[in-house]
Every structure is written in C-alpha cells, then in structure tokens.
Amino acid sequence: MTSIETGGNPPQHNQQPPALSTEPRWKRQPFANHWRSHAEDFDACKIGMWLFLTTEVLLFAGIFVAYAVFRMWYPEAFANGSHHLDVHWGALNTVILLISSFTVAASIRNAQLNQQGLLKINLSITLVCALLFMIIKFTFEYAPKWAEGKRPGVWFSYPFAADPNEHIWWSLYYTATGIHALHVLIGAGVLFVVLLKSFKGWYGPKHYTGIEVAGLYWHLVDVIWIFLFPLLYLIH
Amino acid sequence: MNPFLGLFESARAATFLAQQGPVARFIFGRDPQEATYSAGVEGLFMFIFWISTFVFIGLMAISFYWAVKYRRRPGVAPQRSPSHNTALEITWTIIPSIIFISLFFVGFRVYAKQVIAPSDAVRLDLIGYRWGWNLYYPGGVTSTETLPAGTLSASSVPVFMFPEDTPILLEMSSQDVIHSFWVPDFRSKMDLFPNRSTSFWFRTSTLQPGDMDNPDLGYPNKEHILYCAEYCGDQHSQMLGLIRVVPRDVYENFLRNPWPEGISLVEKGKLLHSLRGCNACHSLDGSSGTGPTWLNWYGYEHSYTDGSTHLADADFTRESIYYPGRKIRSGYQNVMNSYLGQINEEEMRALIAFMRSISDQGGDPTAGFPDEEEEETGGN
Amino acid sequence: MSTIDTHNAGQHAHHEGSYLTPHGGALATIWNWATTIDHKKIGVMYLFAIMFMFFLGGVAALGVRAELWEPTRVVTEVVEGETVTSYTGQVLVNLAPIVPGVESEGGISAGMNIYNRAFSLHGIIMTFMVIVPSVPASLGNFFLPLMLGAKDVAFPRLNLMSWYIYVFGSIFAVAAVVMGGVDTGWTFYTPYSTMTDADHLRVVFVILAAFILGFSSILTGLNFIVTVHKLRAPGMGWFDMPLFVWAMYATAIIQVLATPVIGITLLLLIFERVFHVGIFDPRMGGDPVLYQHFFWFYSHPVVYVMIIPAFGIINEIIPVHARKKLFGYRAMAFATLGIAAVSFLVWGHHMFTASGELAAMIFSALTFLVAIPTAIKVFNWVATLYKGSIAFNTPMLYALSFLFMFTIGGLTGLPLATLATDLHLHDSYFVVAHFHYVMMGGTIIAFVGGIHHWWPKMFGKLYNERWAIVGCVLVFIGFNLTFFTQFILGTRGMPRRYASYPDEFQFLHQLSTIGSWILGIGFLIHLGVFVHSLVAGRKAPENPWGGLSLEWETESPPIEHNFHHEPIVKHGPYDFDTVQPPHTDPAEFPMPEPLRPGERTH
C-alpha cells in the first residue's frame with residue numbers, strides 16, 4: 001500500500017500568460033511557482049503582512065509599557081513635558097495621516113476597478129501627506145524644541161524644567177515619535193515604489209497585492225500615531 | 001487548613017531523616033543555619049530531590065528496559081500496540097499537576113518565612129558597591145576587620161559581626177550596579193539595586209561552646225561566607241564577605257570600641273584600604289590596576305586626562321576621593337564612585353596618613369598631620 | 001510585495017537534477033548559492049554557519065572551563081624588604097597581550113576581565129547565533145516544505161533576506177569580538193551594560209548584532225507560519241502534519257510575538273549607551289528592573305524557541321527509529337501549543353530575587369503550569385518505545401540521550417520554579433547546570449541527532465555509523481561530567497560568573513573542566529565524520545531509516561523542486577503499523593501482520 005499517487009497527477013506548472021505586449025502589465029504578472037494559484041499567493045502575502053504588523057505593534061508595545069511605567073513614577077514630569085508640545089501641530093499631523101490612510105484605501109479600490117488614473121493620483125496624495133507629516137514633525141516640532149534644550153536624557157538643557165525627571169519624558173517623546181517617524185519614512189519609501197510600479201501598469205483587478213500590503217503597513221503607521229497623539233499631546 | 005500543607009507536613013516528616021542523612025550533606029556541603037528558614041528550604045529541596053529522583057529513575061529504567069527488550073532484530077516486525085490511551089494520558093497529566101500545585105504552595109509558604117522579617121528584628125543598612133560591602137551598625141560604625149589577603153582566594157574579605165540568637169534585617173541598596181546578597185549557609189539571597197531598597201533577614205543561631213569556626217578568637221563563633229551573586233564586573237568573584245556570629249558581649253564591645261586597641265592612624269588607613277574596597281583597584285606595590293597604585297602617589301606630580309598635572313597633596317587626595325570624576329589620571333577610565341558621605345573625616349585622615357607612609361615624598365607620617373598643603377613635603 | 005518570483009531552474013522535467021548539482025564553474029556555483037531562493041540551499045548555508053558559530057562559542061566555553069581549573073590565588077611575599085603581591089591560577093591572563101582593550105594591565109583584574117569577556121562571548125554566540133536559529137533556520141528551512149509536500153517556503157526571497165540578515169548580524173558580533181569582546185554577559189543587564197567599556201563601540205556592536213539577528217528570526221518565523229497555513233499538500237489536514245512541523249509552527253509564533261519586544265529593548269539599550277537617554281539608568285531616574293522585565297519578556301519565550309524545535313526532532317527520530325506510531329499525537333500537538341502560549345506568562349521567574357512578593361507568587365504558579373505539558377511529552381516519548389523495533393544507531397542514541405538529559409533538565413527546573421528553593425539556587429551554578437541540561441542536553445543534543453537523522457537526505461551521503469556512535473557516547477559522558485558536577489557546586493554555594501572561587505570548590509570544578517575536554521573531543525569526532533561523509537561517504541538510499549513523512553518520498557538529495565509530482569497525502573506521518581515506508585524493502589523493514597477485517601488500529 002503506497003501512500004502517494006505518483007502516476008496520474010501531472011506536474012503543476014504555473015500557467016504563465018503569453019507575453020503579449022498589448023496586454024496591460026498586471027494581466028501578464030506571474031506568480032511564484034510554488035503556489036498553486038494567484039489567489040493563494042495573494043492570501044499568503046496578506047497573512048504574512050498581518051503577521052508582520054503584529055510584530056510592529058509589539059515593538060511599539062515596548063515603548064507604551066515604558067511610557068506607562070514612567071508616567072506612573074513621574075506624573076508631574078509627564079504633565080509638564082506634555083505642556084511643551086503643541087497640540088495644534090499634533091492634531092494637524094493626525095488629520096494628515098488620516099487623509100493619507102483614506103487615499104491608500106481608495107487606491108486599492110481604484111486598482112480593483114482598474115481606474116489607473118485615480119490610482120496614481122491617490123497614491124501621490126498619500127506620498128504628499130507623508131512628506132507634509134515629516135516636514136511638520138521636523139521643522140515645527142523637533143527643531144524648535146531641540147534648540148530650546150528640550151532634549152532627551154543627558155542632552156536635556158532646558159533651564160525652566162519644573163520637574164527633575166523631565167528628561168525621561170523627553171527621552172520617551174523622542175524615542176516614540178522618532179521610531180514612528182522612521183516608520184513613516186519606510187512606509188513612504190514602499191509607497192513610492194508602488195507608485196512607480198503603478199506607472200508601469202503593475203496593478204489591476206485581482207492583481208493588487210503590492211498596494212494591498214503597502215496599504216496595510218501604512219494603516220499601521222496611522223494607527224500607531226492615533227495612539228501616540230493622545231498619550232503624548234493630551235495629558236492633563 | 002490547606003490540604004497541600006498536610007501533604008507537605010507528612011512529606012517533610014518523611015524526608016526529615018534524609019535531610020540529616022549523607023545525601024543532603026553531600027548536596028549542600030555545610031549545614032543549614034539553625035533557628036531560621038534555612039532548614040525549611042533545604043527540606044523542601046530534598047523533598048523535590050527525592051520525588052525527582054524517583055521519577056527519573058523510573059522513567060529511565062522503563063526506557064532502558066524497553067529499548068533493550070524491543071531492540072531491532074533483522075526480519076522481525078514491530079508489534080502493534082495502542083498509540084493512544086485516554087485514561088493513561090489523563091492520569092499522567094493529573095498526577096504531576098497535583099505534585100506541582102503542592103510544590104507551589106509549600107514553596108510559597110517557606111518563601112513567606114524568607115521574605116517577611118519578624119518585627120523585632122535589628123535593622124542594619126547594607127550597601128553593595130564594586131567590589132565590596134559596607135555594613136553600617138548603629139552609631140555609624142562599620143566593619144573594621146578583614147581577613148588576610150588570599151583567604152577564600154579573594155584579595156580582601158571584610159568581616160561582619162552579628163550577635164547570636166538575634167533576628168537581623170538588612171536594608172540593602174547598591175551604589176552602582178546590581179549586586180546580590182547570598183549567604184549559602186542561610187539558603188537565601190536577595191538583589192541590591194541602585195534605585196530601590198530591598199531587604200534580607202536572617203536569625204543568627206544560638207552559639208554552643210563547641211562552635212569554633214575560627215578557633216583563634218577565643219570565644220564561640222560561627223562563620224558564614226557571603227557572596228555577591230549578581231554579575232557586577234571584573235572582580236565580581238572577589239566580592240565576598242564573612243558573617244561572624246559572636247556572643248552578645250563581644251558584639252556590644254565591638255560597637256563601643258570598633259577599632260583594635262592602640263591602632264595608629266597609618267595602620268587604620270591600611271585597614272580602610274581593604275575594608276572600603278580601595279584595594280580592588282589601587283595596589284600598594286606599584287602595579288597598576290583599574291586605578292593607579294598608591295605607592296609613591298602622595299607628594300608627586302601626576303598628569304591627568306585634561307592635560308593638566310597636579311601635585312598629590314592632602315587636599316587633592318580628599319578631592320579625588322570625594323569627587324573622583326573631576327580629574328582622571330592619564331591612562332585610566334572614569335569608573336570610581338564618589339565616597340562623599342561614606343568616609344568620614346577621621347577615616348580620611350587615616351587614609352591620607354597611610355598614603356604618606358608608603359610614599360618616599362610623604363615625609364614622616366608619624367610626625368602629625370599637615371593641615372596646610374605647603375607643609376606636606378616638609379614633614380616638620 | 002516581494003513574493004513574485006520564479007525559480008531559476010526553468011522547466012522541471014522528470015530528469016531534474018539534485019539541488020546540489022553544480023551550475024557551471026566554481027564562480028557560477030558560488031553565485032548560484034549566494035543568490036539562491038531555494039529553501040534547501042538556504043537551510044544548508046545556515047547549517048554550516050551555525051556549526052561554525054558553535055565552534056567559536058565552544059572554544060570560548062573551553063576557555064572558561066580552563067580558567068576555572070584553579071582559583072585565582074593571591075600570593076604576597078616579601079622580596080628585599082618590599083611586599084610584592086602576585087596572582088596565580090589565572091589561565092586566561094596569558095591572552096592579555098592579544099586581547100585588545102584590556103584596560104587593567106596589571107593587578108588581579110586583567111585575568112578576570114578576560115574571563116568575563118570569554119563567558120559573555122560564549123553566552124552571546126551560543127544564544128543569539130547558535131541555539132535560537134539552530135533548528136528552525138537550518139533543519140526547519142530544509143525540511144518544513146519537504147514535510148508539507150511543498151516546493152518551497154511561502155516567501156523564498158524573504159527567506160534569503162533573513163539569511164543575509166543573519167550573516168550581517170553575525171559580522172557585527174564577530175567585529176565586536178575582534179575589537180576586544182564585551183564583558184556584559186549575554187543578558188546585558190543594566191546599569192552594568194550601559195556603564196562598562198563606556199568609551200568603546202564594541203558593546204554597541206554586540207547589542208546591534210543581537211538586534212539585527214532578531215529580524216532574521218522574525219522573518220523566518222513569519223515565513224514558517226504562512227507556509228504551514230497555505231502550503232500543505234493536498235490531503236494533509238492539521239493533524240496529519242508531522243510533529244516537527246507543529247513544533248516549527250509553535251516556535252514561529254513565539255518568534256513573531258516575542259522578538260519585537262527584545263528589538264525595542266535592545267534599541268533602547270543602544271540609545272541608552274549612545275545618547276544616554278536615561279530610561280534604564282538609575283542615576284537619571286530610569287529603572288534597571290524595567291530592563292529585566294523587557295528582556296525576559298522576550299528571553300523567556302525564546303527559551304521555548306530553543307527547546308520546542310528539539311521536541312519536534314525527537315518526535316521524528318523516536319517513531320522512525322523505533323518503527324512505532326508516536327504515542328499520543330494530539331496530546332503532543334496541544335502540549336506544544338500550550339507550552340508556546342504559557343511561555344509568554346512566566347518571564348518573571350527570572351526575577352524572584354528582584355521583584356515583589358505578589359509578582360513572584362504569580363510567576364511561580366505559572367511556571368509550574370509550563371511544566372505539565374512538558375512532563376506529558378516525556379511520558380509520550382517513553383510510551384512510544386513500547387513494543388517497537390528499536391535501532392541503536394546514532395540518531396536514536398541521541399534521542400535516548402536527549403530523554404536522559406532533558407528529563408534531568410526539566411526536573412531540576414522544579415526547585416527553581418519553587419520560590420523558596422529558588423532564592424537559594426538563583427544565580428548559582430545550579431542554574432548554570434539546569435539551563436545547560438535543557439539548552440545543550442536538550443536542544444543541541446536533539447539538533448545533532450537531527451542532523452544525523454536527516455544527513456543522508458540532505459547530502460545524499462551516508463556517514464560512518466561506528467565513529468558517529470563513538471562521538472555520541474563521548475558527548476554523553478563529557479556533557480554529564482561537565483554539568484552534573486555543577487548542580488552540586490550550585491547547591492553548595494558556588495555563584496555563577498565567578499572567575500575565581502574558594503578552594504573547597506576546586507575538585508568539582510576540575511571534574512567539570514575534564515568533562516569539557518571530553519565533550520570537545522566528541523564534537524570534533526562528529527566534525528570529522530561529517531567531513532568524511534561529504535568527501536567519501538557512500539551514496540545514501542532515498543529512505544535509509546524507513547521514515548513515513550513526505551521528505552522520505554523524494555530522492556536523496558532532493559531534486560531542485562523537491563518532488564517530481566505534487567504529493568497527495570493518504571496516511572499519517574507515523575502510521576508505521578499499517579504503511580510500508582516508501583522506497584524500502586519489506587525484508588529490511590518488515591510490517592506487522594495486516595489488520596484482520598473489523599480490526600482497528602489506534
């Protein structure tokens with residue numbers, strides 16, 4: 001009694017569509033030959049991305065735990081430190097990220113409906129939003145605070161600190177927002193590649209894995225900011 | 001009454017003989033400290049040990065027996081047997097679970113004895129630093145005795161005296177990195193942190209006339225080695241101490257008169273050099289360690305990392321001990337802790353006198369203490 | 001996004017060659033391996049890299065044991081009226097001229113400093129570069145897709161990326177060693193790790209290495225989870241998977257969930273050292289205990305990343321070489337997942353001497369909870385031996401050694417989980433012995449057993465059984481001599497990480513050091529056996545042991561795309577009582593009488 005059928009089942013090769021130059025790029029898109037179908041490949045990529053997002057959440061969880069511990073230890077330092085942040089810039093950045101999340105979601109829809117023009121426009125808006133976010137972060141938040149001496153750890157030299165442990169607050173502020181900003185940059189880089197590929201016609205109905213996973217990542221960047229914003233800016 | 005406690009009590013009765021027996025002595029070496037939780041810890045360990053040994057030998061015997069009995073023979077097929085047996089599997093899940101739960105409860109009960117000190121305990125402060133211990137007795141007295149260099153393979157081991165038959169509660173903290181206070185004879189330990197206070201308690205045993213761990217002392221005594229158990233750097237293995245339980249009158253006499261009678265300032269400085277752990281970094285023979293040697297330090301000009309040179313006089317010595325980070329000797333790292341508040345004026349004078357005595361620019365150290373820095377090379 | 005790729009082999013015909021077939025000349029072959037996305041080649045590259053790192057870590061361990069042959073003795077003598085202090089018994093101090101950056105040139109510190117670097121090096125290499133990646137990255141990469149009947153892992157390019165991240169991280173670690181090594185210990189406890197060697201980059205390099213290696217670990221885990229979900233062969237349900245696959249799956253979950261936490265911890269530690277942000281620095285209001293919580297939140301689950309794959313290997317070796325259906329398959333699968341789940345809740349048991357009473361109590365209780373599924377596993381393995389047909393070859397001897405040592409390792413965990421006894425044993429040699437019995441006696445022993453088990457499949461060559469058994473026996477004797485003595489040292493009061501010790505411990509230390517030499521010889525013999533096999537080994541048949549899982553269906557070594565036809569699974573991986581293994585001769589692997597009508601197997 002053998003267990004494995006070795007006869008009747010022909011070797012599974014991917015049916016690569018013929019390379020017709022008139023066909024849009026996404027219709028000719030191959031998938032890796034260890035998959036049985038394009039749909040499985042797509043599913044796997046989504047599961048993989050969700051798992052990766054889990055790791056990102058846990059990475060930030062570390063920062064949130066440190067935040068919770070030190071806020072419990074030094075509530076005064078946190079309240080004082082938070083007052084030095086400008087809620088308006090923070091709120092504006094929140095709005096910018098929310099808009100960008102919306103446009104990414106819209107671009108996936110565009111790909112599904114084969115709206116190639118809108119797809120590019122929405123992706124571009126997302127990138128502009130990312131850029132705006134970073135500009136606001138650096139020019140209007142980091143730079144003036146750094147100049148005033150509101151710096152992390154030993155670099156802290158702000159002369160009017162009301163609490164001796166305020167440098168811990170600034171350490172956490174720069175660490176949390178800095179790592180988040182790094183994620184914005186990475187996400188923007190990935191979306192930029194997606195945009196370039198969209199100009200080459202890589203995405204279309206049922207073939208939008210790239211936008212889907214990049215969009216998931218971008219939503220995560222947004223969600224983390226949604227948590228960071230009240231925790232950092234809205235302490236009373 | 002917790003049912004597991006009953007189990008434990010009977011098990012403890014069963015292992016009582018084993019505790020006294022050669023196996024326990026082989027495993028633990030020295031006897032547990034009496035009249036405290038130590039015997040409980042050891043009893044619990046032996047309880048786990050005998051259960052584990054029984055389980056281990058049983059499992060290995062079965063495995064070995066089957067492995068040999070059912071060894072492969074050419075042309076012989078394996079036999080069929082069930083690959084699943086719910087009753088058996090439930091049994092071997094529940095029995096270990098019961099054992100584990102009871103171990104947890106018993107462990108917690110003994111643990112409570114380890115960490116909760118009686119309210120009448122004598123409170124003393126203990127500070128750990130790299131690489132030594134400072135124990136502060138009532139009235140600011142600290143230890144004044146070290147074992148000779150090389151004892152216990154350590155360069156110096158401070159001796160801490162405790163009165164017999166007394167509960168002691170140590171309030172502990174660290175000056176630099178994390179240390180851990182472990183006295184194997186007590187069968188317990190606790191970490192010392194630089195930013196929080198922890199405590200460790202034990203009850204010293206009642207001395208019998210035959211307890212003469214150190215026969216040279218002339219009175220009954222018991223000695224227990226103290227180790228730092230949390231890795232703390234180069235000389236982690238040198239961070240030892242000796243706990244000496246002494247009769248109460250000896251202890252009280254020590255509190256009244258901590259230094260040996262008729263000790264000179266120089267001799268006292270030499271003792272402090274090892275008691276305060278200076279010897280961990282500063283040698284007396286000219287070899288350089290983590291810090292510069294004290295031989296021919298006093299009265300000479302030395303160069304510092306900021307490019308300056310400075311004469312090592314009394315005031316500069318004082319500054320170097322209280323604010324070690326201000327001037328760093330060329331070729332060394334800024335690793336020394338401040339001794340501000342730990343070394344009082346009298347001890348500082350003793351240290352300086354000792355440094356003078358081992359420098360050929362130190363003048364005559366017996367001639368008194370120079371208050372003005374101009375006088376330091378003159379020697380009056 | 002980066003998942004679209006095609007294997008560069010072109011059309012796969014039935015005469016497709018083995019994956020080891022060279023492509024063109026030497027340079028072309030090297031290029032082919034360096035850019036391969038074939039899980040088998042990546043697995044093999046991991047295997048050799050890990051073996052190399054094991055060698056480095058092992059040399060450091062021998063150095064540690066050599067230093068402990070004698071305690072450092074302080075000798076004071078009076079020469080020409082002057083008191084001269086000297087030190088004897090410092091073996092490693094002789095390395096001072098070649099170790100860069102030994103700050104204390106003289107005195108008692110120099111030798112101890114080198115000793116501290118040696119044990120830190122040993123711990124860091126063995127943990128982050130050997131045991132964590134060992135089984136999943138090498139054997140897992142190679143055999144997970146084969147056992148599932150897949151052509152590759154889900155994301156082959158990600159797989160190659162994780163290999164390069166591993167190499168990149170290891171280069172950082174080796175660079176730090178070349179720069180003089182670090183004396184932080186593998187746990188990097190603050191504030192020591194933020195203070196030591198303050199002016200040197202090498203500590204940052206090592207932490208960075210561990211951080212980078214974490215990414216490699218995450219990517220491997222992520223890949224495995226998706227592979228198990230999406231690439232099982234037709235007919236293979238979850239409970240038809242070999243338990244090695246279950247083990248990889250549980251391991252992958254832990255890797256994905258725990259590694260990011262060490263990532264942020266190490267990142268904060270780097271910030272602490274480079275920018276002095278103060279989060280873990282007590283002098284600046286930070287908290288070293290927070291660091292310990294962070295560290296063990298990862299590092300305890302990761303203990304199960306180390307040991308669960310070993311369980312997986314033993315689950316394969318014992319049934320195959322005993323020709324016996326594994327006892328309690330489902331219990332094993334659930335126990336594996338249960339261990340993975342509870343592993344996240346027990347980190348505090350590393351801190352019984354540091355944390356509050358309530359936390360200690362909770363963590364102690366949860367720790368016992370982990371012990372239950374572990375005990376079940378051991379009982380199942382022993383029960384599997386019953387009425388089998390047990391071959392005493394190298395893999396099986398290793399599996400039996402594993403049973404012996406892992407049981408000791410597990411049982412000695414009990415006094416460490418018990419609060420009262422842990423306060424005595426914590427940070428003593430008892431702990432050192434305990435985790436070596438689990439990590440080395442468990443994981444490494446199973447790993448070496450697994451390498452022997454799958455060696456013929458991986459390289460298509462048989463190894464010299466007789467010499468391999470000699471190596472196995474030496475490893476067994478050497479290991480137990482080295483580490484059993486350390487249990488007694490620990491209970492008697494020997495603290496860990498001591499470069500020197502009171503004289504009363506010397507005899508046991510010397511026994512332990514002798515054991516380490518025997519252990520070293522045993523591993524060198526294995527190395528010789530492997531080299532000999534690669535160079536002059538006899539050709540291996542497809543199924544030398546009579547295994548039933550899918551990797552034994554294909555050729556030895558497997559063809560480039562693993563299977564000529566996609567396999568369809570019709571039996572369980574351990575149905576040794578009903579299924580004649582593929583490619584085997586019934587004379588060599590006789591079957592029990594066929595089942596009578598109406599008779600059921602279990």
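The chains referred to below are lettered A, B, ... by the order of the sequence lines, with proteins before strands, and numbering in each begins at 1. Computed from a predicted structure; not experimentally measured.
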Peer 1: Using the ring of each side chain (for Trp, its six-membered ring), is C:Tyr498 parallel, tilted or perpendicular to B:His236, with breaks at 30° and 60°?
Peer 2: perpendicular
Peer 1: Work out which heavy atom in B:Ile225 is nearest to a heavy atom in C:Glu504; give both atom names and the distance.
Peer 2: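 Of all heavy-atom pairs spanning B:Ile225 and C:Glu504, the closest is CD1-OE2, 4.0 Å.
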Peer 1: Quick one, C:Ile488 with B:Ile27, criterion side-chain contact (heavy atoms from CB on, under 4.5 Å). Give me CA distance, side-chain angles, the key distance, then yes/no.
Peer 2: CA-CA 6 Å; C:Ile488 301 159; B:Ile27 291 176; 5.7 Å; no
Peer 1: Taking every heavy-atom pair that is under 4.5 Å apart, which of C:Ser500, C:Pro373, C:Ala417, C:Ala375 has the most such pairs with chain B?
Peer 2: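 That would be C:Ser500.
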Peer 1: Check whether C:Met494 gets within reach of chain B through its side chain, its backbone, both or neither, counting any heavy atom under 4.5 Å.
Peer 2: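 For C:Met494, backbone heavy atoms alone lie under 4.5 Å from chain B.
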Peer 1: Let me know if B:Pro96 has heavy atoms under 4.5 Å from chain C in its side chain, its backbone, both or neither.
Peer 2: side chain
Peer 1: Quick one: salt bridge (Lys or Arg N to Asp or Glu O under 4.0 Å) partners of C:Asp422, sequence neighbours excluded?
Peer 2: none
Peer 1: Using the side-chain hydrogen bond (donor to acceptor under 3.5 Å, both in side chains) rule, take B:Ser81 and C:Lys324 through it: C-alpha gap first, then chi angles, then the decisive distance, then the call.
Peer 2: CA-CA 9 Å; B:Ser81 73; C:Lys324 190 68 200 314; 2.7 Å; yes
Peer 1: Passes side-chain contact (heavy atoms from CB on, under 4.5 Å), C:Asn393 versus B:Arg72? Steps please.
Peer 2: CA-CA 10 Å; C:Asn393 51 25; B:Arg72 188 165 295 178; 5.7 Å; no
Peer 1: Hey, what do you get for CD1 (B:Ile51) to CG (C:Leu414), rounding to the nearest 0.5 Å?
Peer 2: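 If we round to the nearest 0.5 Å, B:Ile51:CD1 and C:Leu414:CG are 8.5 Å apart.
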Peer 1: Using heavy-atom distances under 4.5 Å, tell me whether B:Asn85 contacts chain C through its side chain, its backbone, both, or neither.
Peer 2: both
Peer 1: Suppose we screen for salt bridge (Lys or Arg N to Asp or Glu O under 4.0 Å). Which residues come up paired with B:Arg71, at least two apart in sequence or across chains?
Peer 2: none
Peer 1: Considering only heavy atoms, which portion of B:Leu88 lies under 4.5 Å from any heavy atom of chain C: side chain, backbone, both, or neither?
Peer 2: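 When you check distances to chain C, only side chain atoms of B:Leu88 fall under 4.5 Å.
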Peer 1: Looking at B:Phe47, B:Phe49, B:Phe45, which hits side chain to side chain contact (heavy atoms under 4.5 Å, CB included) with C:Pro415?
Peer 2: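 By the side chain to side chain contact (heavy atoms under 4.5 Å, CB included) criterion, C:Pro415 pairs with just one of B:Phe47, B:Phe49, B:Phe45: B:Phe45.
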Peer 1: Against chain C, label B:Thr198 side chain, backbone, both or neither, depending on which of its atoms sit under 4.5 Å from a heavy atom there.
Peer 2: neither
Peer 1: Roughly how far, to the nearest 0.5 Å, is the CG atom of B:Asp234 from the CG atom of C:Asp183?
Peer 2: 6.0 Å
Peer 1: So C:Tyr192 and B:Tyr231, would you call those rings parallel, tilted or perpendicular, with 30° and 60° as cut-offs?
Peer 2: perpendicular
Peer 1: Would you mind telling me which of C:Ala383, C:Gly328, C:Ala365 has the largest number of heavy-atom pairs within less than 4.5 Å of chain B?
Peer 2: C:Ala365
Peer 1: Whether the side chain of B:Arg187 engages the backbone of C:Thr421 through a donor-acceptor N/O pair (distance < 3.5 Å, no angle test) should be reported.
Peer 2: no
Peer 1: Out of C:Thr72, C:Thr196, C:Leu403, C:Asp287, which one racks up the most heavy-atom pairs below 4.5 Å with chain B?
Peer 2: C:Asp287
Peer 1: Can you say whether B:Glu89 sits under 4.5 Å from chain C via the side chain, the backbone, both, or neither, judging by heavy atoms?
Peer 2: side chain
Peer 1: So which of C:Gly388, C:Ser428, C:Ser364, C:Ala587 has the largest heavy-atom pair count under 4.5 angstrom toward chain B?
Peer 2: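 Sorted descending by pairs with chain B, the first entry is C:Gly388.
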Peer 1: Top residue by heavy-atom pair count (under 4.5 Å) with chain B, among C:Tyr501, C:Tyr115, C:Phe576, C:Phe589?
Peer 2: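 Greatest number of close heavy-atom pairs with chain B: C:Tyr501.
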Peer 1: Please name the pair of heavy atoms, one in B:Met60 and one in C:Thr407, separated by the smallest distance, quoted to 0.1 Å.
Peer 2: CE-OG1, 3.8 Å
Peer 1: Please report the shortest heavy-atom distance between C:Pro71 and B:Ser153, naming the atom on each side.
Peer 2: CB-OG, 3.6 Å
Peer 1: Identify the two heavy atoms, one from C:Ile390 and one from B:Trp66, that lie closest to each other, and give their separation to 0.1 Å.
Peer 2: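 So the two residues come closest at CD1-O, 3.8 Å.
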Peer 1: Is there side-chain contact between B:Ser52 and C:Thr412, with at least one heavy-atom pair below 4.5 Å?
Peer 2: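 No, their side chains stay 4.5 Å or more apart.
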Peer 1: Side chain from CB out, backbone as N, CA, C, O: work out which of these in B:Cys232 comes under 4.5 Å of a heavy atom of chain C, or both, or neither.
Peer 2: backbone
Peer 1: Nearest 0.5 angstrom please: B:Met190 CE to C:Phe352 CZ, how far?
Peer 2: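 Separation between the atoms: 11.5 Å.
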Peer 1: What do the steps show when you test B:Val76 against C:Ser389 for side-chain contact (heavy atoms from CB on, under 4.5 Å), and what is the final call?
Peer 2: CA-CA 8 Å; B:Val76 177; C:Ser389 166; over 6 Å; no
Peer 1: Report which part of B:Ser283 has an atom under 4.5 Å of a heavy atom belonging to chain C: side chain, backbone, both, or neither.
Peer 2: neither
Peer 1: For the pair C:Phe505 and B:Tyr227, name the ring-plane relationship: parallel under 30°, tilted 30 to 60°, perpendicular over 60°.
Peer 2: tilted
Peer 1: Give me the atom names and distance for the closest heavy-atom approach of B:Gln114 to C:Leu419.
Peer 2: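 Of all heavy-atom pairs spanning B:Gln114 and C:Leu419, the closest is OE1-O, 4.5 Å.
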Peer 1: Looking only at atom types and distance, does a side-chain atom of B:Lys189 sit under 3.5 Å from a main-chain N or O of C:His424, one as donor and one as acceptor?
Peer 2: yes
Peer 1: Side chain, backbone, both or neither: which part of C:Ile408 has an atom under 4.5 Å from a heavy atom of chain B?
Peer 2: both
Peer 1: Has C:Arg492 got its NZ or CZ under 6.0 Å from the middle of the six-membered ring of B:Phe26, at an angle within 45 degrees of the ring axis?
Peer 2: yes
Peer 1: Measure up the C:Phe368 and B:Phe104 rings against each other and bin them: parallel (under 30°), tilted (30 to 60°), perpendicular (over 60°).
Peer 2: perpendicular
Peer 1: Starting at CG of B:Leu152, measure out to CG of C:Asp503 and round the result to the nearest 0.5 Å.
Peer 2: 8.0 Å
Peer 1: Of the non-hydrogen atoms in B:Val177 and C:Met195, which two are nearest, and what is the gap between them?
Peer 2: CG1-SD, 3.7 Å
Peer 1: Can C:Leu385 and B:Tyr70 be said to form a side-chain contact (heavy atoms from CB on, under 4.5 Å), step by step?
Peer 2: CA-CA 8 Å; C:Leu385 297 175; B:Tyr70 302 115; over 6 Å; no
Peer 1: Compute the ring centroids of C:Phe430 and B:Trp182, then answer whether they are less than 6.0 Å apart.
Peer 2: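 So the answer is no for these two rings.
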Peer 1: Mark yes or no for whether B:Asn195, through its side chain, and C:Arg283, through its backbone, hold a donor-acceptor pair below 3.5 Å.
Peer 2: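 Judged by distance alone, no pair lies under 3.5 Å.
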